[in-house]
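Notes follow the structure.
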Amino acid sequence: MPPRTRSARRLPWLAAWLLGAGQELAAQPARFVPNPPAAGARWLKGNTHTHTTNSDGDTPPEQVARWYKAHGYQFLVLSDHNVFTDPKTLASLMDSTFLLIPGEEVTTAYQRAPVHVNALDITRVIPAPTGATLLETLQRTIDVIRAERAVPHINHPNFRWSLDTAVLWRVRHDRLLEIHNGHPTVHNIGGGEWPGMEEAWDALLTRGKRLYGIAVDDAHHFQGEFAADRANPGRGWVVVRTPALDGRAIVEALEAGHFYASSGPILDDITVTESTMSLHIGRNGDFRYTTTFIGANGRVLAVDRSLTPSYSLTGDEPYVRARVVDSGGRVAWVQPAFTTRYIDRPP
């Protein structure tokens, strides 16, 4: 047998060294992966899902837009079903404090299951597609929105119990999911053995699908009584961190996770360092707050009842998100911060 070369003699040692280095890297504690907002970013409040008389709302577009502007929103998407409402027709309402972003709720169905996906920052109406299966119908809807360079977000999956986590897991090219919708018939908290939207969100995140959670009001009723059984405005919104009151900048910030969602609490700041997630809650009167930090499989990592809650990584968390609940029961959802332990697993 010929003598081994020096390179051959070194191979076992090199393999052992690489194996040891890999094991040492795997044993290192988790660290948050940096995801900083753009320089000069500021917080802008907006709603990406509401309706007018152009589809099934009870109020004309101009009056709907005026309601949001008067109530402190900086941007709004008028998302009527399969209708494009051109913001240019409402140009007199837009100024340095308020922007209308063109949108549409692309509305289709598979058999009896509704499939509704909002398209943000569109230039024309997007025809609603159909498919041979529920998944194909949803996927084609996402795809036609992407083809227009618009940004999709999947609406109210629990509406008529249409989109379960198996379907949501398999759809591709989506990044935004409604986890809170103010319409009274969409079953945000689930029922029976069907999970609520936060539980579904954690299930998808844990499995390796990177998603950010949107809150909306899905308002239809601006006239008459404001009541729990009516789809009134002001029940859910997003607060986006972006440097400009500009439609494209806002939707790109949403897709990057630079926002929080809320049905009430205000967050003055969210800071994520290499090892810590910290919040600063804006005080509202004498309301008190409970912040729960949540990890994989919906596991509660810590609870903090101060106005400056924080969580430091302990070693193996793939992601951390936070839920802030005020003493009136309203909620703010902080987007997941992903760590070096998170693995994206495409379907």
Side-chain angles (χ1 to χ4, degrees), residues 43-87 89-90 92-95 97-105 107 116-121 153-156 158-159 176-189 197 213-240 245 247 250-251 254 259-267 282 284 287 326 328-333:
W43 294 106
L44 299 174
K45 179 181 177 179
N47 180 36
T48 61
H49 189 172
T50 196
H51 295 274
T52 77
T53 49
N54 283 351
S55 61
D56 56 349
D58 67 359
T59 299
E62 181 176 353
Q63 292 180 38
V64 168
R66 286 188 184 281
W67 188 97
Y68 287 95
K69 185 175 183 178
H71 286 81
Y73 290 70
Q74 280 86 45
F75 68 90
L76 174 67
V77 178
L78 297 175
S79 57
D80 281 303
H81 298 280
N82 299 332
V83 172
F84 172 54
T85 301
D86 191 344
T89 64
L90 302 169
S92 62
L93 293 175
M94 293 189 284
D95 52 31
T97 68
F98 184 72
L99 175 70
L100 288 168
I101 300 173
E104 172 192 352
E105 185 167 13
T107 304
H116 296 187
V117 182
N118 266 21
L120 311 180
D121 199 28
H153 73 67
I154 297 175
N155 295 347
H156 43 59
N158 284 0
F159 177 51
L176 301 171
L177 177 71
E178 283 186 1
I179 58 168
H180 172 82
N181 180 301
H183 198 288
T185 67
V186 300
H187 313 301
N188 291 316
I189 64 172
M197 286 314 305
I214 294 246
V216 302
D217 58 31
D218 193 3
H220 291 66
H221 304 137
F222 294 79
Q223 308 297 323
E225 184 183 11
F226 276 42
D229 62 348
R230 305 190 78 227
N232 299 129
R235 292 179 178 171
W237 56 86
V238 290
V239 186
V240 182
L245 186 62
I250 288 169
V251 299
L254 284 168
F259 70 99
Y260 70 89
S262 185
S263 65
I266 297 170
L267 306 182
N284 178 19
F287 279 84
D326 71 18
R330 299 175 302 175
V331 183
W333 296 268

| message | Tell me whether Asn158 contacts the main-chain N or O of His187 through its side chain, where contact means a donor paired with an acceptor under 3.5 Å. | response | yes

| query | Would you say the side-chain atoms of Lys69 pair up with the backbone N or O of Phe98, donor to acceptor, closer than 3.5 Å? | reply | no

| task | Report the C-alpha distance between Gln74 and Thr97 in whole Å, list the side-chain angles of each, state the deciding distance to 0.1 Å, and finish with yes or no for side chain to side chain contact (heavy atoms under 4.5 Å, CB included). | result | CA-CA 6 Å; Gln74 280 86 45; Thr97 68; 5.8 Å; no

| Going by atom types alone, do Asn155 and Glu105 pair a side-chain donor with an acceptor below 3.5 Å? | yes

| query | Would you say Asp218's side chain and Asn181's backbone share a donor-acceptor pair under 3.5 angstrom? | reply | no

| Looking at Phe287, is Arg330 sitting on its ring face, NZ or CZ under 6.0 Å from the six-membered ring centre and within 45 degrees of the normal? | yes

| field | Side-chain donor/acceptor of Asp86 to backbone N/O of Thr89, under 3.5 Å | value | no

| request: Would you check if there is a donor-acceptor pair between the side chains of His220 and Asp58 at a distance under 3.5 Å? | output: no

| said: Set out, in order, the CA-CA distance, both residues' side-chain angles and the distance that settles side chain to side chain contact (heavy atoms under 4.5 Å, CB included) for Leu76 and Ile101, then state yes or no. | reply: CA-CA 6 Å; Leu76 174 67; Ile101 300 173; over 6 Å; no

| field | Exercise: do His81 and Glu104 side chains pair donor with acceptor under 3.5 Å | value | no

| Whether over 12 other heavy atoms sit under 6.0 Å from Ile266 CD1 | no

| field | Mutual orientation of the aromatic rings belonging to Trp237 and Tyr73 [parallel < 30°, tilted 30-60°, perpendicular > 60°] | value | perpendicular

| request: Verify the distance criterion only: is there a donor paired with an acceptor across the side chains of Asn47 and Asp217 at less than 3.5 Å? | output: yes

| message | For the residue pair Thr59 / Gln223, report whether a side-chain donor-acceptor contact shorter than 3.5 Å exists. | response | yes

| Pair Thr50-Phe222, side chain to side chain contact (heavy atoms under 4.5 Å, CB included): steps then yes or no | CA-CA 11 Å; Thr50 196; Phe222 294 79; 3.7 Å; yes

| query | Which of parallel (below 30°), tilted (30 to 60°) and perpendicular (above 60°) describes His183 and Phe159? | reply | tilted

| Verdict with supporting geometry, Phe259 and Leu44, side chain to side chain contact (heavy atoms under 4.5 Å, CB included) | CA-CA 9 Å; Phe259 70 99; Leu44 299 174; over 6 Å; no

| Ser79 and His51: side chain donor to acceptor below 3.5 Å | no

| query | Below 4.5 Å, heavy atoms only, C-beta onward: do His153 and Leu120 meet side chain to side chain? | reply | yes

| task | Would you please test Tyr260 and Trp43 for ring pair (Phe, Tyr, Trp, His ring centres under 6.0 Å) and show each step? | result | CA-CA 10 Å; Tyr260 70 89; Trp43 294 106; 5.5 Å; yes

| said: Counting C-beta onward and ignoring hydrogens, is there a side-chain heavy-atom pair between Ile250 and Leu245 closer than 4.5 Å? | reply: yes

| field | Beyond-backbone contact of Leu78 with Leu90, side-chain heavy atoms, under 4.5 angstrom | value | yes

| task | Return the orientation label for the His49 and His156 ring planes: parallel under 30°, perpendicular over 60°, tilted otherwise. | result | tilted

| field | Within-4.5 Å side-chain heavy-atom neighbours: Ile179 and Ile214 | value | no

| query | Any side-chain heavy atom of Pro61 sitting closer than 4.5 Å to one from Asn54? | reply | yes

| message | Contact between Arg230 and Pro184 at the side-chain level, heavy atoms closer than 4.5 Å - yes or no? | response | no

| message | When you compare the side chain of Pro102 with that of Thr85, does any pair of heavy atoms fall below 4.5 Å? | response | no

